[in-house]
K.L.:
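Starting off with a structure, shown below.
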2 protein chains.
Amino acid sequence: MPLIIDNLSKHITLTPQEQELFLSKTEIRQYKAKTILLNAGEVCKTSYFVNSGVLRSFNINDNIVEHVLSFACTGWWISDMYSLLSQKPENLFIQVLEDAEVVLLSKENQEMLYQEIPKLERFFRILTENSLVAHQERLMDNLSLTAEERFEKFCNKHHDLIQKVPQKQIASYLGVTPEFFSKMKSKMLRK
Amino acid sequence: MPLIIDNLSKHITLTPQEQELFLSKTEIRQYKAKTILLNAGEVCKTSYFVNSGVLRSFNINDNIVEHVLSFACTGWWISDMYSLLSQKPENLFIQVLEDAEVVLLSKENQEMLYQEIPKLERFFRILTENSLVAHQERLMDNLSLTAEERFEKFCNKHHDLIQKVPQKQIASYLGVTPEFFSKMKSKMLRK
DNA sequence: ATAATTTCTTAATCTACATTAAGTGCCTTT
DNA sequence: AAAGGCACTTAATGTAGATTAAGAAATTAT
């Protein structure tokens, strides 16, 4: 069974015909590491579901500093929600970090599927709810924890990622410079 | 027409009977400033919609420092999403900042309404999507902007709140101490 | 009105993290 | 195998914002 159907079944139950219909509206693609799937300034027209590999979303501010908004590995959805919903351009990039197989669902097809399989409203509501909760927690963590504490939490939650992505990306996700992250890490190891 | 029905109609269209049913599952209450609607450690069983006044959600970390997660004034929803969804206790408070009239929707009734008016799945999906986008932006702002820049953005977006809530709460929302906020503000005025 | 609390301000000192810069090791390309 | 580019480290110096403390102003309670 395709991973994405398995993912849907975590929150809703689809008939075989509905599964068929859903899959017919998606597209599978392979990408090499470093491929840019969405460029800053473009309007986002697609949601991405990761079958294998790792993606990230990030922006670049005036100072030419990158900030990682999120990572996505096997079984995770990723997109530029702001641009996807508003259909306006945003300063977000989506990029492949490790060679990946990705399922593409266009906004157009997603809306079409909402009409034909209203249960999907429920699925994406729950998916978005969970994402919101995670973002709220990360926000509060950024306000109240030190970089070290945030890193420890990250390790517990995303153990798999630590091996896979360059540590400067993790530093950026945590909101510190790669130099400080390196220092902090060696300090933590010494304990 | 009740404000909350007006709010629903921003994303979905309800028949008069559906409106009736929806309202019958809610409850209106008046609260005095400082009332605590949800205490840290409790399981959240209700979503709150503000008819008038101002509420806030916040947590308190080990150091006895408060951090404001969100404000809600007229026309806004507020709840403890983590606890409401998981039905586990969280360390979040919900409190009235300015005398308020609030519409209460219990989780139980909300689930019941999803069954009877599936369109509501759509409404809360969109509501949650918008909230997620706002949280993502705030996260990135916290990573890449100075406190001063964040305050300017806050002023543009929530002009109404600045008059209504004590400035130490705004400092907490922005992620700085009241002392630093005070200093920053007077520095900005001098320009 | 007066007392009591809470909020806001000012100022000195401190610290987590940023910036700059130089150097090391490891891939990748030719 | 050399050369170039990245990712990572180390270290000196700089700064945004925290902490502490004390007084002034504004609310709230009596």
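These numbers were taken from a predicted model, which means no experiment stands behind them. Hydrogens, waters and symmetry mates play no part in the numbers below; they use all other heavy atoms, side chains included. Throughout, protein chains are lettered first and strands after them, A, B, ... in sequence-line order, and every chain is numbered starting at 1.
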K.L.:
Return a table of donor-acceptor pairs under 3.5 angstrom between the side chains of residues 67-79 of chain A and protein atoms on other chains or two or more places apart.
P.N.:
residue	atom	partner	partner atom	Å
A:S70	OG	A:S57	OG	3.0
A:W77	NE1	A:N7	OD1	2.9
A:S79	OG	A:T46	O	3.1

K.L.:
So is A:R125 actually on top of B:Y114's ring, under 6.0 Å and inside 45° of the axis?
P.N.:
yes
K.L.:
Please determine whether a side-chain nitrogen of the Lys or Arg among A:K153 and A:E149 lies less than 4.0 Å from a carboxylate oxygen of the Asp or Glu.
P.N.:
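No.
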K.L.:
Please state how far atom NZ in B:K164 lies from atom P in D:dA26, giving the value in whole angstrom units.
P.N.:
22 Å
K.L.:
Given atom CG of B:L145 and atom P of C:dA18, what is their separation to the nearest angstrom?
P.N.:
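It works out to 15 Å between those atoms.
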K.L.:
OP1 or OP2 of D:dA16 sitting under 4.0 Å from any side-chain N/O of B:R150?
P.N.:
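False: B:R150 side-chain N/O out of range (4.0 Å or more) of D:dA16 OP1/OP2.
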K.L.:
Hey, is B:K157 close enough to B:E137 for a salt bridge, meaning N to O under 4.0 Å?
P.N.:
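Salt bridge between B:K157 and B:E137, a charged N being under 4.0 Å from a carboxylate O: yes.
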K.L.:
Quick one: B:I64 CD1 to D:dT19 P, roughly how many Å, whole number?
P.N.:
12 Å
K.L.:
Side-chain heavy atoms under 4.5 Å apart, restricted to Ile/Leu/Val/Met/Phe/Trp/Tyr: what other residues fall into the cluster of A:V43, or is it alone?
P.N.:
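Via sub-4.5 Å side-chain contacts, A:V43 links to none.
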K.L.:
Please give, in whole Å, the distance from D:dC6 P to A:L97 CG?
P.N.:
15 Å
K.L.:
Just to verify, what does A:S9 make a side chain to side chain donor-acceptor pair (under 3.5 Å) with, not counting sequence neighbours?
P.N.:
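Per chain and number, A:S9 pairs via side chain to side chain donor-acceptor pair (under 3.5 Å) with no residue.
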K.L.:
Could you go through B:F181 and B:F151, starting from their C-alpha distance and side-chain angles, then the distance that decides it, and tell me whether this counts as ring-ring contact (aromatic ring centres under 6.0 Å, His included)?
P.N.:
CA-CA 9 Å; B:F181 184 83; B:F151 179 44; 4.9 Å; yes
K.L.:
Hey, could you give me each pair passing ring-ring contact (aromatic ring centres under 6.0 Å, His included) that has a residue in residues 10-29 of chain B? Not counting sequence neighbours.
P.N.:
B:H11-B:F123
K.L.:
Specify the angle, to 10°, made by the local axes at the two ends of the helix from C:dA1-D:dT30 to C:dT30-D:dA1 when five pairs are taken at each end.
P.N.:
50°
K.L.:
Under a 4.0 Å heavy-atom cut-off, which of residues 166-186 of chain A touch DNA chain C?
P.N.:
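Correct list: A:G175, A:V176, A:T177, A:E179, A:F180.
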K.L.:
Report the distance from atom CG of B:N142 to atom P of C:dC17, rounded to the nearest whole Å.
P.N.:
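Taking atom P of C:dC17 as the reference, CG of B:N142 is at 14 Å.
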K.L.:
Atom NZ of B:K187 to atom C1' of C:dA11: distance rounded to whole Å?
P.N.:
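Spelled out: NZ on B:K187 to C1' on C:dA11 is 16 Å.
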K.L.:
Any ion pair linking A:R150 and A:E152 (charged N to carboxylate O, less than 4.0 Å)?
P.N.:
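No, this pair does not count.
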K.L.:
Measure the distance from CG on A:L189 to P on D:dT10 and round it to the nearest whole Å.
P.N.:
10 Å
